[in-house]
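This report refers to the structure that appears directly beneath it.
Quantities reported herein were computed from a predicted structural model and do not represent experimental measurements.
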Protein chains: 2
Amino acid sequence: MKISEASQASGCHLETIRYYERIGLMPSPTRTGSGYRSYSEQDVERLRFITRGRDLGFSLDEIRSLMRLDQNGDLACEDVTRLAQQHLIDVQERIRDLQRVARELERTIRSCGGGVRAQCAILDALKHSPAPGEAA
Amino acid sequence: MKISEASQASGCHLETIRYYERIGLMPSPTRTGSGYRSYSEQDVERLRFITRGRDLGFSLDEIRSLMRLDQNGDLACEDVTRLAQQHLIDVQERIRDLQRVARELERTIRSCGGGVRAQCAILDALKHSPAPGEAA
DNA sequence: CTTGACTCTGTAGTCGCTACGGACTCTACG
DNA sequence: CGTAGAGTCCGTAGCGACTACAGAGTCAAG
């Protein structure tokens, strides 16, 4: 199938497919006589694999590793689990960071509610607060 | 003060200060006879303003807007609040996305716990799950 | 036979930095 | 006075993960 069909079938943006090929994440597909890329069902599965990995927040490098482990066959499971667990930890940390940010924003926005415009509490916070996250 | 001192005083990386100047987020500072940048206390405050904005996840463009609003004086408060609220919504959305990702990862990792290595549940999930987030 | 949709390649832009190379300046020590 | 080392200058390139574009070629339908 042609690249636009592979794109539709995999849910992966057309230009992104070419990008994955360029960086060696996807193999160079076979070509038609006139030079058009021709993808197999297996290629589409690989694209879906990558897309799902991205949806789960894995980096392209991590996905590369996962695919290598997948091809290795034996002993892969442990390594895969380790990679996934580390990734989960990273995600959880990012969540905590963002929650801290959200709390800080809420606090700041709330303090501005009054509407006395002589000085804006939000701008004030940006100017004078002791770096959010630092201190309690 | 020189750039390295301004860097220390503001907590903003030295090269980042030059970068902010290059993109017009910081004004061009005065220069010493030999061409060294010379920063005032006001400049440092501006740098801190930017850094705190970044810590709260605002983009440099949003920070640019905030600073413009700050200089406008009147009527700014409403606009500032709107900007901050929109940003809060974005942050909350990102948190939800990440939480979904974390749940999905936990589920997948858990299902791999057994350790029968004939086929890895994590890789399987990446291969066959109906795109996480889609469907319940 | 022409029109329009598709595909090709290569390159540049995005965001927010960070790092480098090679030249200059300044300070302290001998 | 000379020199070593630290600091600064500028311009450019790299990161990650795309996305967008220009200009050329290809293909199918009317």
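Interatomic distance, CG of D97(A) versus CZ of R94(B), reported as 10.5 Å (0.5 Å rounding).
Residues satisfying the side-chain contact (heavy atoms from CB on, under 4.5 Å) criterion with R103(A), sequence neighbours excluded, are Q99(A), R100(A).
Taking every nucleotide of DNA chain C with any atom under 4.0 Å from a non-hydrogen atom of chain A, the first and last of them, 5' to 3', are dC6(C) to dT9(C).
Counting to the nearest Å, the C1' atom of dT26(D) and the NZ atom of K2(A) are 9 Å from each other. Between the CG atom of D61(A) and the P atom of dC15(D) there is a distance of 11 Å, given to the nearest Å. Distance CG (L60(A)) to P (dA17(D)): 4 Å, rounded to an integer number of Å.
Between R37(B) and dC9(D), a side-chain N or O to OP1/OP2 separation shorter than 4.0 Å is present.
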Criterion side-chain contact (heavy atoms from CB on, under 4.5 Å) on L126(A) and L56(B), from CA distance to verdict: CA-CA 9 Å; L126(A) 281 167; L56(B) 288 177; 4.2 Å; yes

For R37(A) and R18(A), what are the C-alpha separation, side-chain angles and deciding distance, and is it a side-chain contact (heavy atoms from CB on, under 4.5 Å)? CA-CA 10 Å; R37(A) 288 171 180 81; R18(A) 287 202 275 253; 3.6 Å; yes

Between R52(B) and D55(B), is a salt bridge (Lys or Arg N to Asp or Glu O under 4.0 Å) present by the stated rule, with each step listed? CA-CA 5 Å; R52(B) 289 202 195 95; D55(B) 284 345; over 6 Å; no

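Contacts between residues 11-36 of chain A and DNA chain D, defined by a heavy-atom separation below 4.0 Å, involve H13(A), E15(A), T16(A), Y19(A), Y20(A), R22(A), S34(A), Y36(A), listed by number.
Put simply, Y20(B) and M1(B) are part of the same group of oily side chains (I, L, V, M, F, W, Y) that touch within less than 4.5 Å, one to the next.
Side chain of S10(A) to backbone of L47(A): no donor-acceptor contact under 3.5 angstrom is found.
Partner L88(A) forms a side-chain contact (heavy atoms from CB on, under 4.5 Å) with one of V101(B), L105(B), T108(B) and no other, that one being L105(B).
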